[in-house]
Amino acid sequence: MKRLFDNLSADITSSKKLGFKFFIIGIFLLASAPALSGIFLFLALVIGSLKRSDSYFRDKWNYLFLAGGIFMVISSCVSLFSTSAAYREIWDPSLSWIGLLNWLPFFWCFWGFQPYLLTSNTRKICALCFVAGSIPVLITGFGQYWMGWHGPFQLFNGLIIWFQRPIHEMQGLTGLFNNSNYAGSWLTIVWPFCLAALLQPSLNIFRRIIVFSISSSFVTAIILTNSRNAWGGLLFPIPFVLGPSNWSWLVPISLLVLFPIFTAIVPFAPSGFQDWARTVVPERIWVRFSEEFSEFENYPRARLDIWKNAIKFISDKPLFGWGAAAFAVLYRLLGETGYRQEHTHNLPFELAFGYGIPASLFIFANIFALLIFSLRKSLFFNNKLPNTDIESSLFARAWWSSSLFLLCSHMLDIPYFDARISIAFWILLAGLRGLIRESSEYN
């Protein structure tokens, strides 16, 4: 690691230790106090960007993000100067420039946060800070669900706002987030770290009881969000965190668990099997998933309907897109449904719709490459790392599985537009780059 930074200590360079403290404070506050968290993370970002021997433009992993960003800026210019008067009446071109804030600063974060995520130990510390910082989400969520707490609550003149909405009908736990899908997304980001912490062989009985209690609370909260993505995120990381050595018994058990769920929700299952499955699977689960297959007059809820129209729009303007935040306007003009859709429910589609196919391809090709290389080099196939002990491997697999599921969940919904989710998204990606770098140093 010494050739990455001068004066490298066991975990992090001395010049970056203050930044690392700001970084973990920022992670700890991210869920409950995002404004304060942003201050600490910005300070960490500045410190992490200074006195670097590896410049931004020397790292090939920045190139595609940079190319995607350039295309997004060009797209915004095209929207500003070439949008017809008729289109301007229903959509404001300045929204594309505002939308750049969801992406361009994070390309810097991806590089600037990497000094704090270069070793298995620092990534483990950050993972545990994600867990500890999520305790307020659990407390407020349970208070909302069982004791009727609702707000929103504000502190310091609105600097900190907790959205505690009353729960109605099929809606679920939101805690201090704006809606249950966002809360579910956050909880599933952190859940693999809970699982890794629980499986640590070094825990004594007292600590194991505490970690088990926290992990059980996460499971309960995820179920209570009533979010289908979150439910998927509850099961998805388990085989990855446990590792391939356990797949021989884990895969058959998983299939046995998933078979009745699948049978209970699909419309083409034999009626006898489906009736049996619906007696086994909790009604809350199969009713929620069955909604995707339901057909209501003038109310096509299925994602396939949204994606079909999104693809049509993208094909009409493939190079530079329609502009950020325009999907809701165009979808409503279709006149096919009275139901409002704010976005495409797929992050690559959303980026291609707003800024064009090239921008989306550059950015997501890089993200998928990060996942593939970090899996191949750092998790399952690399035995040359000095930190190959069980706990390091557990948290490495947890980091990777959290990153993978967060990306997969954005193929069905877009919680990314909550700043807390997007910041966590890019911290995880920076950690994947750290996994690759750590692996490369010892190959």
Side-chain angles (χ1 to χ4, degrees), residues 38 41-42 45-46 48-50 52 54-114 310-311 313-330 342-370 407 410 414-430 432-433:
L41 289 175
F42 179 74
L45 179 61
V46 171
S49 301
L50 299 175
R52 297 273 294 263
D54 59 329
S55 71
Y56 185 91
F57 297 102
R58 289 176 59 186
D59 187 352
K60 64 182 180 180
W61 287 99
N62 295 326
Y63 294 166
L64 288 180
F65 289 144
L66 186 61
I70 291 171
F71 257 92
M72 293 174 73
V73 172
I74 294 172
S75 170
S76 300
C77 292
V78 171
S79 296
L80 184 63
F81 296 111
S82 302
T83 301
S84 66
Y87 191 40
R88 286 175 181 269
E89 290 181 1
I90 59 174
W91 176 78
D92 184 357
S94 66
L95 292 175
S96 279
W97 292 95
I98 296 172
L100 294 178
L101 296 176
N102 290 317
W103 297 97
L104 300 190
F106 291 113
F107 301 158
W108 177 27
C109 292
F110 170 74
W111 177 74
F113 288 154
Q114 287 175 29
I311 292 171
F313 289 137
I314 292 169
S315 65
D316 290 338
K317 287 192 174 184
L319 191 58
F320 297 119
W322 290 86
F327 185 78
V329 175
L330 297 182
E342 296 294 337
H343 50 69
T344 61
H345 288 269
N346 179 288
L347 193 55
F349 283 177
E350 186 73 13
L351 194 55
F353 172 87
Y355 295 100
I357 292 176
S360 185
L361 280 178
F362 284 138
I363 291 169
F364 285 97
N366 213 29
I367 292 173
F368 280 112
L370 279 166
L407 179 61
H410 278 86
I414 311 184
Y416 181 87
F417 293 129
D418 184 297
R420 290 166 286 192
I421 305 297
S422 57
I423 291 171
F425 186 96
W426 287 94
I427 289 174
L428 290 175
L429 293 180
L432 294 183
R433 181 66 181 106

Answer yes or no: is there a side-chain heavy-atom contact under 4.5 Å between [X] and [Y]?
{"X": "I423", "Y": "I427", "value": "yes"}
{"X": "W426", "Y": "W103", "value": "yes"}
{"X": "W61", "Y": "N366", "value": "yes"}
{"X": "W97", "Y": "V73", "value": "yes"}

From [X] [atom1] over to [Y] [atom2], what is the distance, rounded to the nearest 0.5 angstrom?
{"X": "I70", "Y": "L66", "atom1": "CD1", "atom2": "CG", "value": "4.5 Å"}
{"X": "W111", "Y": "F65", "atom1": "CH2", "atom2": "CZ", "value": "14.5 Å"}
{"X": "L429", "Y": "F107", "atom1": "CG", "atom2": "CZ", "value": "10.5 Å"}
{"X": "L64", "Y": "F364", "atom1": "CG", "atom2": "CZ", "value": "13.0 Å"}
{"X": "S360", "Y": "F353", "atom1": "OG", "atom2": "CZ", "value": "13.0 Å"}
{"X": "I363", "Y": "F71", "atom1": "CD1", "atom2": "CZ", "value": "11.0 Å"}

Of all heavy-atom pairs between [X] and [Y], which one has the smallest distance, and what is that distance?
{"X": "S49", "Y": "G112", "value": "OG-CA, 3.9 Å"}
{"X": "L95", "Y": "A325", "value": "CD1-CB, 4.1 Å"}
{"X": "N102", "Y": "Y416", "value": "O-OH, 2.5 Å"}
{"X": "S79", "Y": "G323", "value": "OG-CA, 4.2 Å"}
{"X": "F313", "Y": "W322", "value": "O-NE1, 2.7 Å"}
{"X": "L319", "Y": "P358", "value": "O-CD, 3.5 Å"}

N/O donor-acceptor pair under 3.5 Å between [X] side chain and [Y] backbone:
{"X": "R52", "Y": "G48", "answer": "yes"}
{"X": "T344", "Y": "E350", "answer": "yes"}
{"X": "S422", "Y": "F417", "answer": "no"}
{"X": "D59", "Y": "N62", "answer": "no"}
{"X": "S76", "Y": "M72", "answer": "yes"}

Response to the item:
Contacts satisfying salt bridge (charged side-chain N to carboxylate O under 4.0 Å, His left out) that involve residues 316-330 (not counting sequence neighbours) are K312-D316

Practice prompt. Applying side-chain contact (heavy atoms from CB on, under 4.5 Å), name anything that partners Y63, two or more places apart in sequence or on another chain.
Written response: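 side-chain contact (heavy atoms from CB on, under 4.5 Å) check on Y63 returns K60.
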
Worksheet item: Using the ring of each side chain (for Trp, its six-membered ring), is Y87 parallel, tilted or perpendicular to W91, with breaks at 30° and 60°?
Response: parallel

Fill in: Parallel, tilted or perpendicular: ring planes of H410 versus F425, cut at 30 and 60 degrees
perpendicular

Worksheet item: When you look at L50 and V46, which way does the side chain to side chain contact (heavy atoms under 4.5 Å, CB included) test go after all the steps?
Response: CA-CA 7 Å; L50 299 175; V46 171; 4.2 Å; yes

Item to complete: Start with the C-alpha gap between S96 and Y355, add the side-chain angles, then the distance that decides, and say whether side chain to side chain contact (heavy atoms under 4.5 Å, CB included) holds.
Response: CA-CA 8 Å; S96 279; Y355 295 100; 4.2 Å; yes

